[in-house]
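Quick note: numbers below take in every heavy atom, side chains included, and nothing from hydrogens, waters or symmetry partners.
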Amino acid sequence: MVAVLAPGFHLGGSYALGLLFLGLVLFVGIGALSRQNDRPYSASVFYLLLGAVASVGLGVLGVTRLDPIANHAVFEHVTELALVIAVFGAGLAVERQIERRSKRVIAALLLLVMPLTIASIAAFGALAMGLPFAAALLLGAILAPTDPVLAGDVGLGPPGGDDQGEPRLSLHTEAGINDGLASPFILLGLFVATRGGTSWLGDWILTDVLYAIGVALLIGVAAGWLIAAAISRLRTRRLLSRDLDGFFAPATALLIYGAADALGAYGLLAVFAAGIAFRRHEFEHEINARIHHGAEVAGRLLELAVLLLLGSMLTSAGLAVPGLAGWLLAPLIILVIRPILVLAVTGQGFLDIRGRLFLGFFGVRGVAALYYAMIVVASGDLSHADTNKVVWTTIACVAVSITVHGITATPLTRRLLGSLDRADADSARRRPEDARLTV
């Protein structure tokens with residue numbers, strides 16, 4: 001009961017303190033997002049730190065913390081919502097022409113860098129961390145995709161904003177697509193853990209690769225285009241209020257995600273395809289910017305929720321689970337595995353050295369990794385010890401990535417891409433306007 005409604009004089013309990021802390025968090029979140037581009041650090045660092053402060057406070061008050069394994073369903077659904085909204089917004093932001101060079105870079109990142117990253121992390125997990133092959137493969141699949149939620153700090157801006165150049169376009173598009181493309185590798189790891197042998201491999205390729213990816217793309221493109229057409233027509237007839245444009249982003253994303261999931265396809269992939277198709281129905285319409293703004297606001301709030309939950313789950317016991325090898329994995333991914341793979345598969349014919357270094361370093365790990373870790377927990381296909389190690393290693397890698405990339409995003413991006421962004425923006429302005437519509 002709230003203290004003011006109790007008889008006599010009472011001080012507020014833990015619930016009142018929780019409300020006070022939540023209000024403080026929202027104020028800090030608003031301040032962290034305000035003029036973010038003018039600061040050398042990302043708001044996500046603030047959110048994680050606030051969550052860690054909440055964890056200490058919960059310990060002092062004797063309140064039981066949420067556990068990422070025992071309470072995985074809560075964390076899974078929050079991260080899922082954050083990803084769905086962010087991926088749709090990422091699709092809406094792809095407005096410049098995707099040229100042949102860009103397509104080659106994106107294809108290299110998705111078809112070469114991502115599988116090789118999975119293999120590299122799996123090898124480290126097996127050899128250095130002592131994980132069985134299935135658990136190591138799952139750890140690789142969890143940590144391989146880059147993150148569209150946190151990569152927004154170094155990706156594309158809103159529709160109608162300044163053109164931000166080729167390296168950003170490739171990183172942004174990779175982050176939007178590879179969350180969905182990680183799904184078949186997660187399922188591959190679960191098959192290895194439970195079925196053994198290779199008799200299931202044909203079914204995996206047919207249903208979990210060809211069918212699930214193909215149907216997701218079809219649903220996303222068709223539904224994104226049709227919903228954009230319906231909204232445009234209804235607004236023309238004044239049956240929909242312009243003041244509510246921002247709400248179309250979560251409504252569209254959730255509708256398409258649910259439809260794809262119901263048909264056994266990959267919802268995240270469908271949602272990204274829908275964002276791109278929605279944008280291209282009526283490319284220059286002002287509704288795109290307003291809907292993207294709605295997606296961005298909802299995504300930022302959900303990002304805040306995810307990182308607060310993550311920080312509040314941190315305990316000394318949990319952080320000790322990965323061991324030295326698990327904690328070394330994060331800098332290994334950031335500084336060695338991804339940069340080497342990106343430099344190896346994107347030669348000078350793709351990008352200059354600054355663009356390649358940008359793509360190699362800013363492979364942000366975040367909400368997507370946490371979501372897939374919760375999927376593995378929910379499956380129950382690994383032993384408790386292996387599940388514990390995979391989950392806490394994921395948390396360690398995400399925490400390190402948020403901190404390192406959050407602090408370095410603005411200064412390194414300006415150093416690496418400042419002149420490239422200006423050159424690409426000038427080039428885009430010289431192109432015919434309708435050339436930007438083609439993909």
Worksheet item: In Å, rounded to the nearest 0.5 Å, how long is the span from CG of L81 to CG of L301?
Response: 12.0 Å
Worksheet entry | Close side-chain approach of V87 to L269, heavy-atom, < 4.5 Å | no
Item to complete: First locate atom CE of M313, then atom CG of L308, and finally report the distance between them rounded to the nearest 0.5 Å.
Response: 11.0 Å
Worksheet entry | Min side-chain heavy-atom separation R365-I142 under 4.5 Å | no
Response to the item:
In short, T146 meets G363 closest at the heavy-atom pair CG2-CA, 3.5 Å
Practice prompt. For H72 and I375, indicate whether the former's side chain and the latter's backbone hold a donor-acceptor pair under 3.5 Å.
Written response: no
Fill in: For S183, side chain to side chain donor-acceptor pair (under 3.5 Å) partners two or more places apart
Y372
Discussion item. Using every non-hydrogen atom in the two residues, find where A396 and P322 come nearest and quote the distance to one decimal.
Written reply: CB-CG, 4.3 Å
Worksheet item: Does a side-chain heavy-atom distance below 4.5 Å link T393 with L131?
Response: no
Discussion item. So S44 and L307, do their side chains get closer than 4.5 Å, heavy atoms only?
Written reply: yes
Practice prompt. Spell out, as yes or no, whether a donor-acceptor pair under 3.5 Å connects the side chain of N178 to the backbone of L181.
Written response: no
Worksheet item: Do L92 and F278 have side chains that get closer than 4.5 Å, going by heavy atoms?
Response: yes
Worksheet, complete the sentence: Of all heavy-atom pairs linking P115 and F185, the shortest is CG-CZ, 4.4 Å
Practice prompt. Hey, could you give me the CG/CZ distance between L329 and F124, rounded to the nearest 0.5 Å?
Written response: 5.5 Å
Worksheet item: What pairs with V78 under side chain to side chain contact (heavy atoms under 4.5 Å, CB included), at least two apart in sequence or on another chain?
Response: A305, V306, L309
Discussion item. Over 60° means perpendicular and under 30° means parallel, so tell me whether F361 and H405 are parallel, tilted or perpendicular.
Written reply: perpendicular
Item to complete: Determine yes or no for a side-chain-to-main-chain donor-acceptor pair under 3.5 angstrom, with T173 supplying the side chain and L169 the backbone.
Response: yes
Fill in: Closest contact, heavy atoms only, D179 versus A368
OD1-CB, 2.9 Å
Worksheet item: So, do D147 and L83 sit near enough that their side-chain heavy atoms are less than 4.5 Å apart?
Response: yes
Worksheet, complete the sentence: Taken in chain and number order and not counting sequence neighbours, the residues that satisfy side chain to side chain contact (heavy atoms under 4.5 Å, CB included) with T315 are R65, A317, W392
Worksheet item: Can you check whether M114 reaches L109 side chain to side chain, under 4.5 Å on heavy atoms?
Response: no
Item to complete: Output the distance between atom OG1 (T117) and atom CG (L112), rounded to the nearest 0.5 Å.
Response: 10.0 Å
Practice prompt. To the nearest 0.5 angstrom, please state how far the NE2 atom of H384 sits from the CD1 atom of I69.
Written response: 5.5 Å
Return a table of donor-acceptor pairs under 3.5 angstrom between the side chains of residues 249-267 and protein atoms on other chains or two or more places apart.
from	atom 1	to	atom 2	distance (Å)
T252	OG1	F248	O	2.7
Y257	OH	E80	OE2	2.5
Y257	OH	Y371	OH	3.4
Y266	OH	D208	O	2.3

Worksheet, complete the sentence: Residues at least two apart in sequence or cross-chain that pass side chain to side chain contact (heavy atoms under 4.5 Å, CB included) with L48, listed by chain then number, are L310, A399, I402, T403
Fill in: Beyond-backbone contact of F191 with W204, side-chain heavy atoms, under 4.5 angstrom
yes
Discussion item. Once side chain to side chain contact (heavy atoms under 4.5 Å, CB included) is applied, do any residues pair with L116, and if so which ones, sequence neighbours excluded?
Written reply: L341
Discussion item. Whether R338 and E174 form a salt bridge (side-chain N of Lys/Arg under 4.0 Å from carboxylate O of Asp/Glu) is what I want to check.
Written reply: yes
Worksheet entry | Euclidean distance, S170 OG relative to L110 CG, rounded to 0.5 Å | 9.5 Å
